[in-house]
Amino acid sequence: MSKYVQVIMNFAKTEEIDRLFTYSIPIHLAQKVSIGQRVKVPFGQGNRTQVAFVIHLLDNLTEENYRIKPILELFDEEPLLSLEQVNLARFLVNYYGCTFAMALELILPPGMAKTPYRPLPETETYICRGLSLNDLEKYIAKESTKKSFDKQRAILTLFMMEEAISLEELKKSQEVSPSSLNTLIKKEILRKEERLKVFIPNPIAYDAFKVLNEEQQMAKDKIYQAIESPYYKGVLLEGVTGSGKTEVFLTAICKVLEEGGSAIVLIPEIALTRQTLMRFRERFGNVVALTHSRMGSGERQRLYQEAKEGKIRVMIGPRSAVFMPMVDLKLIVIDEEHEATYKSETTPKYHATDVARRRMIGCGGTLILASATPSLESYYQMQEGELELVPLTKRIGGATLPYVQIVDMRRELQNGNMQIISGALHEAIERTLIAGNQVMLLINRRGHSTFINCRNCGYVVKCKHCDIAMTYHRQSGYLECHYCGHKEMIPTICPSCGSSHIRFFGSGTEKVEEYLQNYFGAYGIGRMDFDTTSGKEGHSKVLEAFQKHDFNVLVGTQMIAKGHDFPDVTLVGIIAADQALYLQDFRSEERTYQLITQTLGRAGRGDKKGEVIIQTYSPENMVLEKIKYNQQQAFYEDQLKVRKLLGYPPYTHLFSLVVSGKNETEVIQKVHTLKYYYEYYNKKGLFRIVGPAAATISKIADEYRWQLIMMGVEREKVLIYGKYCLNKFINRENTGTIKINWDIDPRSMF
Ligand code: ADP
Ligand code: ZN
Ligand code: ZN
């Protein structure tokens with residue numbers, strides 16, 4: 001029997017106390033303490049009571065230590081964390097260099113840390129008929145003459161049909177007034193009763209599954225093998241948009257459920273539509289649940305518990321859902337795995353794919369990464385044999401890939417077209433709409449014009465607080481900074497040279513919309529970007545309206561590229577393919593390729609032939625070439641060659657540091673000092689140090705930002721080196737007013 005525990009303090013956010021502390025277990029608690037449970041312990045010299053997580057149970061201590069204090073009492077009735085989750089926390093500590101307490105905070109839903117864990121109540125409150133059906137009818141007839149009876153009647157009508165309804169259900173109904181309900185209970189027409197809660201999982205609806213085509217069948221066979229095997233297996237499900245990937249992983253989930261397991265499906269939040277959820281619900285019914293970031297903490301805690309108790313077997317959600325405490329977790333699917341949103345921006349800056357892989361290795365489960373345009377990281381792992389390629393090459397229903405045309409906007413200008421829509425695109429839009437089909441247009445920025453500049457001296461209106469050009473918004477009539485929200489009036493004369501030739505430049509969503517309204521307004525124009533889709537289900541609404549042909553042209557940013565299915569969209573236009581290409585990031589070509597390819601996937605999803613027009617100022621660009629000729633493999637091979645040559649990921653791992661502060665001189669001076677530390681501890685030359693240099697966005701909200709990057713081949717060494725030198729610097733130097741933010745394996749370089 002275990003006599004001692006090793007615990008992690010709940011509040012251990014700093015490195016000094018982020019370690020195991022040993023306590024003894026008093027006899028009366030001996031049978032009750034387990035791993036993953038929280039206990040109350042006396043801590044420090046003042047013996048203040050603190051909450052701590054039990055991480056290890058020990059039978060003996062290697063050294064007698066008389067100063068060991070006993071546990072005071074239990075905090076949770078049952079362990080809050082499973083052994084698997086404790087191991088997961090340990091992984092996060094080692095892999096992302098965070099504290100144990102931070103890792104646990106990530107794994108638990110918000111608010112869970114404060115209250116003791118107890119199992120969900122086994123009973124629930126029901127409201128039942130207090131009279132027989134007959135007597136109830138008579139009662140209603142008798143009271144009906146009274147005017148004040150309306151609200152009560154609304155409630156009693158429900159009880160004409162059912163003998164008992166759960167209180168929770170009644171509360172949800174809008175017709176039920178709580179005070180009338182109480183009156184009826186007082187009069188003993190209705191009564192309260194505690195009833196046992198029974199959860200009956202819906203059976204799998206086999207009828208709802210599609211008959212797979214040959215390719216899907218092959219994919220399914222491979223994935224079934226992986227699921228049947230007791231060992232970890234990673235799969236790269238690479239298939240063009242509309243090739244039936246979702247259908248394949250739905251069958252994989254089916255298999256997992258048949259075997260008593262459970263699954264997590266990660267989706268980029270923006271891609272979730274009611275249709276996606278329906279596809280899961282119609283097959284797996286009430287064992288499916290959905291989480292999202294707008295959910296309140298109470299609701300999240302309930303989901304966590306239902307998952308932990310094995311009621312929820314299929315969890316759908318954004319990256320944080322990867323931590324859900326599923327019972328017998330056997331499968332994690334990451335849909336659109338190349339999406340940047342799978343990487344967290346707050347410490348610990350985990351990547352959902354890494355966490356998912358780790359969990360599946362621990363559980364002997366299967367990881368499916370699905371995408372039409374995999375990340376270069378995943379493609380590389382596939383080449384290295386760490387992921388098995390499961391390809392889907394054909395679109396469902398034989399739909400062919402769209403015809404791609406590249407339009408040179410420089411020539412357009414020479415020919416006297418000053419508009420943002422080329423002649424070819426204009427003509428295609430017209431033709432498409434007349435034929436009764438729909439059009440999607442992709443723009444990379446929101447706002448009316450990207451920026452405002454002076455034709456005389458080239459001055460660009462930038463935000464006072466950030467190193468970013470201000471954006472003009474027609475709706476508000478102001479210039480706005482997308483980084484800090486700062487607003488300004490439009491200058492009438494150039495602040496730099498006094499010229500009045502200050503004009504709008506670039507082309508945002510609003511400007512394109514304006515053009516379309518002029519020429520094609522009769523067909524209905526819709527817009528989708530962060531301005532129009534804020535608020536709950538904002539983008540779902542826009543998409544549903546589009547599907548119903550409420551409007552026939554949809555203009556939008558990145559958002560429109562995500563997996564929605566519109567059979568009548570036969571034309572996709574990319575307004576300016578150049579914008580994404582000019583960001584200073586070694587991933588910008590990969591990103592551009594993915595964004596454009598995903599967007600083209602929207603054209604011709606039904607049995608209609610699709611058409612794509614890409615407008616650009618650099619038609620000779622290699623990325624666009626590869627897209628035009630649909631040479632995906634060649635694109636990835638090329639990119640890998642370049643990355644290898646330059647020593648970039650996936651061949652190396654990056655440790656990136658951003659030093660920021662309001663005092664520019666101080667920031668620059670400190671970041672240079674910091675670099676000395678990295679040079680000093682790099683005597684063997686294992687690491688490459690790049691910088692320091694002003695970050696791509698060199699100022700945000702009045703803080704100057706400088707970046708320093710370390711690269712190395714072995715991830716573990718990069719992390720240790722990165723943190724070690726930083727800690728030395730912090731301990732020995734006066735860091736003044738600067739802030740330091742670091743990231744291992746960053747996915748963007750801002
Ligand atoms: P992806 O996830 O690759 O974009 P989906 O699985 O969403 O593709 O499939 C695209 C469309 O084709 C969906 O409307 C889906 O219902 C349909 N579909 C998929 N597989 C089949 C099949 N075997 N038979 C008929 N329709 C299918
Ligand atoms: Zn000027
Ligand atoms: Zn700003």
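Atoms within each ligand, like the ligands themselves, are counted from 1 in listed order. All of these numbers come straight from a predicted model, not from anything done at the bench.
Using a 4.0 Å heavy-atom cutoff, Ser243 is listed among the residues neighbouring ligand 1. Taking a 4.0 Å cut-off on heavy atoms, Arg395 fails to register as neighbouring ligand 1.
Counting heavy atoms closer than 4.0 Å to ligand 1, residue Val211 contributes backbone atoms (N, CA, C, O) but none from C-beta onward. Proximity of Glu247 to ligand 1, defined as any heavy-atom pair under 4.0 Å, is shared by backbone and side chain alike.
Between Asp743 and Lys343 there is a salt bridge, since at least one side-chain N of the basic residue sits less than 4.0 Å from a carboxylate O of the acidic one. The residues Lys330 and Glu259 are annotated as not salt-bridged, no charged nitrogen and carboxylate oxygen being separated by less than 4.0 angstrom. Ion pairing of Glu238 with Lys245 is absent here, as no side-chain N (NZ or NE/NH1/NH2) approaches a carboxylate O to less than 4.0 Å.
Within the protein, the N, O or S atoms lying under 2.8 Å from the Zn ion (ligand 3) are Cys463 SG, Cys466 SG, Cys481 SG, Cys484 SG.
Side-chain N or O atoms of Arg319 include one that pairs as donor or acceptor with a backbone N or O of Thr341 at under 3.5 Å. Checked by atom type and distance alone, the side chain of Tyr342 pairs as donor or acceptor with a backbone atom of Leu266 at under 3.5 Å. Although no hydrogens or angles enter the test, the distance criterion places a donor-acceptor pair under 3.5 Å between the side chain of Asn286 and the main chain of Asn202. A donor-acceptor contact shorter than 3.5 Å is absent between the side chain of His549 and the backbone of Phe551.
Here the rule is side-chain hydrogen bond (donor to acceptor under 3.5 Å, both in side chains) with Asp702, and of His486, His465, Lys662, Lys464 only His465 fits it.
Residue-to-ligand polar distances keep Ile396 apart from ligand 1: every N/O pair is separated by 3.5 Å or more. Distances between N or O atoms of Thr241 and those of ligand 1 include no value under 3.5 Å.
In the vicinity of Asn213, heavy-atom distances shorter than 4.0 Å reach the ligand 1 atoms 23 (N).
Between the side chains of Gln639 and Arg587, no donor-acceptor pair is found at a separation under 3.5 Å.
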